Undergrad: 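I'd like to ask some things about the structure below.
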Amino acid sequence: MNENRSSRKRVLVTGGAGFVGSHLVDRLLHEGNEVLCVDNLFTGSKKNIEHLHHNPLFEFMRHDITMPLYVEVDEIYNLACPASPVHYQHDPIQTTKTSVHGAINMLGLAKRLRCKIFQASTSEVYGDPSVHPQLETYWGNVNPIGPRSCYDEGKRCAETLFFDYNRQLGLSIKVARIFNTYGPRMHFADGRVISNFIVQALDGKPITLFGDGSQTRSFCYVDDLVEAMIRLMATPESVTGPINLGNPVEFTIAELAKKVIGLTGSKSELVFLPLPQDDPRQRKPDIGLARSLLNWEPVVDLDRGLARTIEFFST
Ligand code: NAD
Ligand code: UDP
Ligand code: UDP
């Protein structure tokens with residue numbers, strides 16, 4: 001007990017009421033840490049953290065990270081930012097502000113506290129990639145003025161800030177480039193492909209395939225991602241990233257639709273809708289770096305992860 005207390009950390013998770021953040025919060029609490037969850041509830045929900053309200057080690061603060069934040073913590077995970085194209089394009093100026101002003105404030109906080117800070121970056125920094133699979137050394141193919149730019153360029157600028165605070169001020173940073181992740185607690189109206197397809201299949205509504213469905217993505221189950229995030233935070237100071245975190249098994253979106261229909265036993269039909277502008281044609285992480293530095297690789301395959309996610313949306 002005493003030992004636990006002396007090694008207990010107070011950890012800040014921004015975006016902790018969101019999909020990935022709420023799983024990370026659960027894991028950090030499970031390991032005996034105190035958690036301060038900061039979220040403006042734009043895409044997150046109190047429902048994702050309601051099971052924690054009686055936990056004395058958990059604290060929720062409604063706050064927008066584009067505003068300064070003065071708190072005392074030992075570690076910071078910066079996840080606050082809408083992740084679904086539908087939501088980050090809803091108010092693109094706020095999305096860029098969250099990525100850039102939010103990063104500046106969280107880096108300022110980390111600088112004052114001299115604490116480690118993790119950044120949830122994204123495979124979107126690679127844009128519509130001309131290199132496949134994507135390695136961390138690839139600089140990307142990103143449209144700076146398109147509908148996805150608020151997110152892609154915002155996250156790219158956040159990476160720049162993280163590396164400048166590291167080089168200029170010696171801050172300990174951990175930058176993860178997260179690839180498509182899914183699982184329970186995605187919002188039913190999140191707009192991302194896995195939640196859309198599952199909700200449509202369960203409701204017997206048409207499955208909305210954008211384009212011809214031949215574009216690819218590689219889907220990582222949320223528990224696998226959280227494991228990698230915790231391992232990355234625990235690495236020595238010399239490990240800064242950027243490091244790809246994701247599942248390298250690649251599927252076309254049409255294959256995903258078939259799988260969801262099969263696993264739900266749905267009678268839904270497929271409808272083909274126009275491909276959104278700048279939608280990446282293919283995406284698959286090279287996770288060699290994560291394998292060697294974190295001794296990590298995903299263990300939940302798509303069928304098993306989808307089954308758990310379908311169960312969540314069915315109840
Ligand atoms: P999410 O939308 O479920 O969670 C984001 C959370 O951030 C929400 O709770 C939202 O309310 C909060 N938020 C947004 N703007 C904020 C602000 N200005 N101040 C405070 N809180 C704010 O998305 P997610 O899938 O859980 O993504 C979490 C992080 O991981 C994001 O930074 C996202 O860019 C990154 N990421 C996710 C994926 C994925 O596939 N899930 C892939 C790449 C990167
Ligand atoms: N900041 C914060 N919490 C802190 C310390 C700083 O939110 O505990 C914010 C502060 O508002 C500032 C930003 O972080 O705008 C960047 O801080 P930094 O010290 O790097 O820059 P400066 O204050 O010198 O502009
Ligand atoms: N997509 C689709 N139907 C949907 C939602 C998305 O076909 O209802 C496609 C989308 O065009 C993209 C892929 O699925 O090619 C993944 O989309 P998502 O929004 O989940 O994430 P992205 O990787 O594009 O950020």
Side-chain angles (χ1 to χ4, degrees), residues 20 83-85 88-89 99 119-160 163 175-183 191-194 196-197 208-222 224-225 228-229 232 240-260 272-303 305-306:
V20 174
S84 161
Y88 69 64
Q89 289 172 26
S99 286
Q119 168 67 356
S121 191
T122 168
S123 53
E124 290 284 329
V125 301
Y126 301 123
D128 189 4
S130 47
V131 165
H132 195 72
Q134 290 79 56
L135 265 169
E136 290 85 351
T137 47
Y138 175 52
W139 289 355
N141 174 32
V142 178
N143 177 358
I145 56 165
R148 295 176 87 102
S149 310
C150 57
Y151 184 75
D152 301 9
E153 297 289 19
K155 290 282 189 179
R156 285 168 68 96
C157 185
E159 286 200 10
T160 307
F163 277 85
V175 176
R177 290 182 178 156
I178 300 169
F179 284 64
N180 298 63
T181 299
Y182 70 100
R192 279 176 281 188
V193 68
I194 289 201
N196 268 11
F197 284 4
T208 53
L209 265 180
F210 299 165
D212 62 4
S214 63
Q215 71 272 33
T216 70
R217 294 292 186 274
S218 310
F219 298 103
C220 184
Y221 188 68
V222 64
D224 282 334
L225 174 68
M229 290 165 74
L232 177 56
T240 57
I243 182 165
N244 290 340
L245 300 181
N247 191 319
V249 184
E250 186 181 10
F251 293 89
T252 66
I253 297 303
E255 284 169 339
L256 174 71
K258 276 196 205 114
K259 263 190 190 295
V260 170
F272 291 87
L273 299 176
L275 192 68
Q277 188 190 329
D278 296 340
D279 199 278
R281 287 292 315 152
Q282 52 182 4
R283 185 181 292 151
K284 166 187 161 113
D286 181 309
I287 59 162
L289 197 57
R291 278 200 178 100
S292 65
L293 287 177
L294 311 181
N295 189 25
W296 168 88
E297 62 182 5
V299 294
V300 180
D301 68 20
L302 187 57
D303 280 47
L306 281 177

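Keep in mind it's a predicted model, so treat the numbers as computed, not measured. Any value given below was found using the heavy atoms of this structure, including those in side chains, with hydrogens, waters and symmetry copies removed.
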Undergrad: Does CG belonging to N295 count more than 12 external heavy atoms closer than 6.0 Å?
TA: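 No - once you tally the heavy atoms of other residues, nucleotides and ligands closer than 6.0 Å, there are 12 at most.
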
Undergrad: What distance do L225 atom CG and I178 atom CD1 have between them, rounded to the nearest 0.5 Å?
TA: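 So the CG of L225 and the CD1 of I178 are separated by 5.0 Å.
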
Undergrad: Sequence neighbours left out, what passes ring-ring contact (aromatic ring centres under 6.0 Å, His included) with Y182? Give chain and number order.
TA: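 Partners of Y182 under the ring-ring contact (aromatic ring centres under 6.0 Å, His included) test: Y221.
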
Undergrad: Can you list everything that forms a ring-ring contact (aromatic ring centres under 6.0 Å, His included) with Y151? Sequence neighbours excluded, please.
TA: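 With sequence neighbours excluded, Y151 shows a ring-ring contact (aromatic ring centres under 6.0 Å, His included) to Y88, given in chain and number order.
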
Undergrad: Going by the salt bridge (Lys or Arg N to Asp or Glu O under 4.0 Å) test, which pairs reach into residues 243-252, not counting sequence neighbours?
TA: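 Pairs touching residues 243-252 that pass the test: none.
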
Undergrad: Checking R281 now: which residues fulfil salt bridge (charged side-chain N to carboxylate O under 4.0 Å, His left out) with it, not counting sequence neighbours?
TA: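 Here no residue qualifies.
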
Undergrad: Tell me, please, which residues at least two apart from E255 pass salt bridge (charged side-chain N to carboxylate O under 4.0 Å, His left out).
TA: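 E255 satisfies salt bridge (charged side-chain N to carboxylate O under 4.0 Å, His left out) with no residue once adjacent residues are dropped.
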
Undergrad: Can you pull out every salt bridge (Lys or Arg N to Asp or Glu O under 4.0 Å) where at least one residue sits in residues 121-135? Sequence neighbours excluded, please.
TA: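 Of all non-adjacent pairs touching residues 121-135, those that pass salt bridge (Lys or Arg N to Asp or Glu O under 4.0 Å) are E124-R148, E124-R283.
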
Undergrad: Please check: side-chain N/O of T181 versus main-chain N/O of V222, any donor-acceptor pairing under 3.5 Å?
TA: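 No.
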
Undergrad: Is the closest basic N to carboxylate O distance between R217 and D279 below 4.0 Å?
TA: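 Yes.
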
Undergrad: Are the side chain of Q119 and the backbone N or O of E159 linked by a donor-acceptor pair below 3.5 Å?
TA: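 No; zero donor-acceptor contacts below 3.5 Å.
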
Undergrad: For the NZ atom of K155 and the OG atom of S121, what is their distance to the nearest 0.5 Å?
TA: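 Spacing of NZ (K155) from OG (S121) equals 6.0 Å.
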
